[in-house]
Amino acid sequence: MNKEIVLKMSDIVKTFPGVKALDGASINIYKGRVMALMGENGAGKSTLIKVMTGIYNMDSGSLYVGNSKVDFRNVNDSQEKGIAVIHQELNLIPELSITENIFLGREMVNPFGTIDRSLMKREAKMLLDKLNIKESEDTLVKDLTIGKMQMVEIAKALSQNAKIIVMDEPTDALTDSETESLFKVIRELTAEGKSIVYISHRLKEIPEICDDITVMRDGKFICEAEVKDIDEEFIIRNMVGRSLDEQFPRVKVEKGKEVLKVQNLKNRYVNDISFTLHEGEILGISGLMGA
Ligand SMILES: Nc1ncnc2c1ncn2[C@@H]1O[C@H](COP(=O)(O)OP(=O)(O)O)[C@@H](O)[C@H]1O
Ligand SMILES: [Mg+2]
């Protein structure tokens, strides 16, 4: 199958004081396909995305959109070239409604040049329906769950009608059914010929939603492959730079004596929490954001 490159970044270097965040990073994005961008925490994924969208200037390297070389100076430049991004950090104004957040800075106007609220509300409603969100478009963002706020970020990116949509860890705060809705929308977008860059550390999501994968490590490009040709072990091996059995050496650990005991802890945030912690033990606590 012939793949058409819609965006190409090569040999990007980006330095922060004391840190080389990108040190030869490259990525290709193809028309109508989902590119997974993988790498451990700190590998440079978010920085690469911020260079791609004009938030950061690169020190060196090249960025092509289609056949034209571009040098984005700000986010507007990248938006003009059809790139939208859903950042890892939420960028919403809590006191404004869903509609106002979606169109913030890009308010729609009627032929008389005044802001057309009903048109924006209709558009917002359409986007919410598409994402299967039941909340009214007038709901204030501060009254939403974190997952729903993330969905509003996604609606905002969709409203830009971009050719390329970058999603930086979009499912982190989403429930399973919200993730389902997002995947459905991603499939619709690619069917329309749009391209997605998908960052996630949930390895299980990759075969489900992605076509291609680019792996980064220490700010460097490591490899690109088609998802159908690889497996989870390949991804991890390339992300960490060694094989799995080396990553988790079997160390025999004796748990020591009890050092902390929490029993039936309860306040306005938690309900009936109990655990004990022993010497020499690493106790993991997991749950969705806000759990
Ligand atoms: N604004 C910044 N200032 C200084 N260092 C940064 C900044 N942003 C990222 N870094 C550093 O750059 C490296 C890559 O970070 P990042 O792109 O956030 O990685 P990832 O998204 O893959 O977890 C890390 O070492 C991080 O600490
Ligand atoms: Mg990141």
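Numbering of ligands and ligand atoms starts at 1, following listing order. FYI, side chains are in, hydrogens and waters are out, and symmetry mates aren't considered; it's all heavy atoms of this structure.
- An N or O contact shorter than 3.5 Å links A43 to ligand 1 by distance.
- Between the side chain of S26 and the main chain of D11, a donor-acceptor pair closer than 3.5 Å is present.
- At a heavy-atom distance under 4.0 Å, atoms from both the backbone and the side chain of T47 approach ligand 1.
- Ion pairing between R122 and E137 fails under the 4.0 Å rule for side-chain N and carboxylate O.
- Atom numbering of ligand 1 starts at 1 in the shown order; those under 4.0 Å from a heavy atom of N41 are 23 (O).
- Checked by atom type and distance alone, the side chain of T171 never pairs as donor or acceptor with a backbone atom of L174 at under 3.5 Å.
- Using a non-hydrogen distance threshold of 4.0 Å, G42 registers as a contact of ligand 1.
- In terms of modelled atom types and a separation under 3.5 Å, the side chain of E153 and the main chain of N91 share a donor-acceptor contact.
- Residue-to-ligand polar distances place G44 within reach of ligand 1: an N/O pair is separated by less than 3.5 Å.
- Closest protein heavy atom to atom 11 (C) of ligand 1: V19 CG1, 4.0 Å.
- Per-residue contacts place A21 under 4.0 angstrom from the following atoms of ligand 1 (heavy atoms of the residue considered): 12 (O), 13 (C).
- For residue T47, no N/O/S atom approaches the Mg ion (ligand 2) to within less than 2.8 Å.
- The closest approach between a heavy atom of E40 and any atom of ligand 1 is below 4.0 Å.
- At a distance under 4.0 Å, no protein heavy atom can be found next to atom 27 (O) of ligand 1.
- What you find for D77 and D71 is that their closest heavy atoms are OD2-O, 4.4 Å.
- For atom 18 (O) of ligand 1, the closest non-hydrogen atom on the protein side is S46 CB, 3.8 Å.
- With hydrogens and angles ignored, the 3.5 Å screen pairs no side-chain donor or acceptor of K69 with any backbone N or O of S62.
- Atom CG of N28 has more than 12 neighbouring heavy atoms from other residues, nucleotides or ligands inside a 6.0 Å radius.
- Contact check for V34 versus V227: no side-chain heavy atoms found under the 4.5 Å cut-off.
- Nearest protein heavy-atom contact of atom 7 (C) of ligand 1 is F16 CE1, 3.3 Å.
- Here the shortest heavy-atom pairing between M120 and F103 reads O-CE1, 3.3 Å.
- Interface of Y56 with ligand 1, defined as ligand atoms under 4.0 Å from a residue heavy atom, comprises 1 (N).
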